[in-house]
Amino acid sequence: MNDPAHVFDEHKSSVNSVLGAHELGLCLACASSDGNISVFTARADGGWDTSRIDQAHPVGVTSVSWAPSMAPGALVGSGLLDPVQKLCSGGCDNTVKVWKLSNGQWKMDCFPALQKHNDWVRDVAWAPNLGLPKSTIASASQDGKVIIWTAGKEGDHWEGKDLNDFKTPVWRVSWSLTGNILAVADGNNNVTLWKEAVDGEWQQVTTVEP
């Protein structure tokens, strides 16, 4: 039996989501039912640095997703920008929150928390932005809805729009590499693909057959 390379034992309850940010090096964000988010970053000497977002969602964190490392607007701006370290989280408090690393400390980057769900947020997914100014997050909930959250540029308030009410819990959401197609997995055993139309409305483009 092989031994693990490293064991992280920061959490006091189940770890519900682990996601790497490979553009930032070997960096892992972990969401736990203890209400906390931990971030582990590998050092060149083989050790690990640990930072925490204590009580991110006090009744439990279900999911985390890293923001694209390319700063919003980098493609249309001038000069090189340092990679951003931001992530979003979903929790058992029915909210989505955005976090930003600033001077070594994680701080909430949306006020108030993003709230359009009326049951647990089961998954969050930050869309690739390819350096364009708009930021987009999808959230999936026990309430059967998927919400698309957008901020036009850095510092703007997030606006939420219903993608669809699936009438059954929605478990996972996942973006295509270009960020223009969203896959949704729901409690009716369906995976559907959605795309934003020119008028800003979201349309189902296909159902993935098993």
Side-chain angles (χ1 to χ4, degrees), residues 17-31 37 39-42 53 61-90 96-102 106 108-110 114 116 121-141 145-164 170-186 191-208:
S17 179
V18 179
L19 198 65
H22 305 294
E23 300 91 346
L24 302 173
L26 184 49
C27 190
L28 302 173
C30 307
I37 297 170
V39 178
F40 304 104
T41 305
I53 305 172
V61 192
T62 59
S63 52
V64 287
S65 180
W66 287 98
S69 61
M70 187 183 292
L75 188 66
V76 295
S78 59
L80 295 175
L81 298 173
D82 291 332
V84 295
Q85 290 200 45
K86 295 177 76 169
L87 54 82
C88 61
S89 61
V96 174
K97 295 181 180 179
V98 178
W99 308 90
K100 184 176 183 178
L101 186 65
S102 179
W106 287 97
M108 197 163 146
D109 198 47
C110 62
L114 309 183
K116 280 177 71 74
V121 176
R122 289 293 186 179
D123 197 24
V124 289
W126 202 311
N129 65 12
L130 304 182
L132 296 173
K134 187 169 78 168
S135 294
T136 304
I137 295 169
S139 59
S141 173
K145 292 184 179 181
V146 170
I147 306 294
I148 304 296
W149 305 92
T150 56
K153 62 181 185 301
E154 185 75 3
D156 281 3
H157 287 292
W158 291 85
E159 301 290 340
K161 174 184 282 191
D162 289 16
L163 173 87
N164 190 49
V170 187
W171 302 114
R172 295 297 303 269
V173 279
S174 180
W175 292 98
S176 64
L177 291 176
T178 53
N180 66 329
I181 300 286
L182 180 69
V184 178
D186 67 45
V191 175
T192 51
L193 302 182
W194 299 77
K195 186 173 184 178
E196 187 177 13
V198 176
D199 61 4
E201 295 301 313
W202 286 83
Q203 298 175 349
Q204 182 179 336
V205 291
T206 190
T207 299
V208 180

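Bear in mind that the values here come from a model prediction, so they are computed numbers and not experimental data.
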[atom1]/[X] to [atom2]/[Y] distance, rounded to the nearest 0.5 angstrom?
{"X": "Trp149", "Y": "Leu114", "atom1": "CH2", "atom2": "CG", "value": "5.0 Å"}
{"X": "Gln203", "Y": "Glu196", "atom1": "CD", "atom2": "CD", "value": "10.0 Å"}
{"X": "Leu182", "Y": "Ser176", "atom1": "CG", "atom2": "OG", "value": "8.5 Å"}
{"X": "Lys153", "Y": "Ser135", "atom1": "NZ", "atom2": "OG", "value": "11.5 Å"}
{"X": "Thr150", "Y": "Glu159", "atom1": "OG1", "atom2": "CD", "value": "6.5 Å"}
{"X": "Glu201", "Y": "Asp162", "atom1": "CD", "atom2": "CG", "value": "10.5 Å"}

Shortest non-hydrogen contact between [X] and [Y], atoms and distance:
{"X": "Val61", "Y": "Gly90", "result": "CG1-O, 3.5 Å"}
{"X": "Lys161", "Y": "Lys116", "result": "N-CE, 4.4 Å"}
{"X": "Ala151", "Y": "Asp156", "result": "CB-O, 4.0 Å"}
{"X": "Gly179", "Y": "Pro128", "result": "CA-CD, 3.8 Å"}
{"X": "Ile147", "Y": "Gly160", "result": "CG2-CA, 3.9 Å"}
{"X": "Val121", "Y": "Ser63", "result": "O-OG, 4.5 Å"}

Compare all side-chain heavy atoms of [X] with those of [Y] and state whether any distance is below 4.5 angstrom.
{"X": "Gln204", "Y": "Asn164", "result": "no"}
{"X": "Arg122", "Y": "Val170", "result": "no"}
{"X": "Leu163", "Y": "Val184", "result": "yes"}
{"X": "Trp194", "Y": "Ile148", "result": "no"}
{"X": "Asn129", "Y": "Thr136", "result": "no"}

Would you please test Ile137 and Trp158 for side-chain contact (heavy atoms from CB on, under 4.5 Å) and show each step? CA-CA 9 Å; Ile137 295 169; Trp158 291 85; 3.6 Å; yes

Please check if the distance between the ring centroids of Trp99 and Trp126 is under 6.0 Å. no

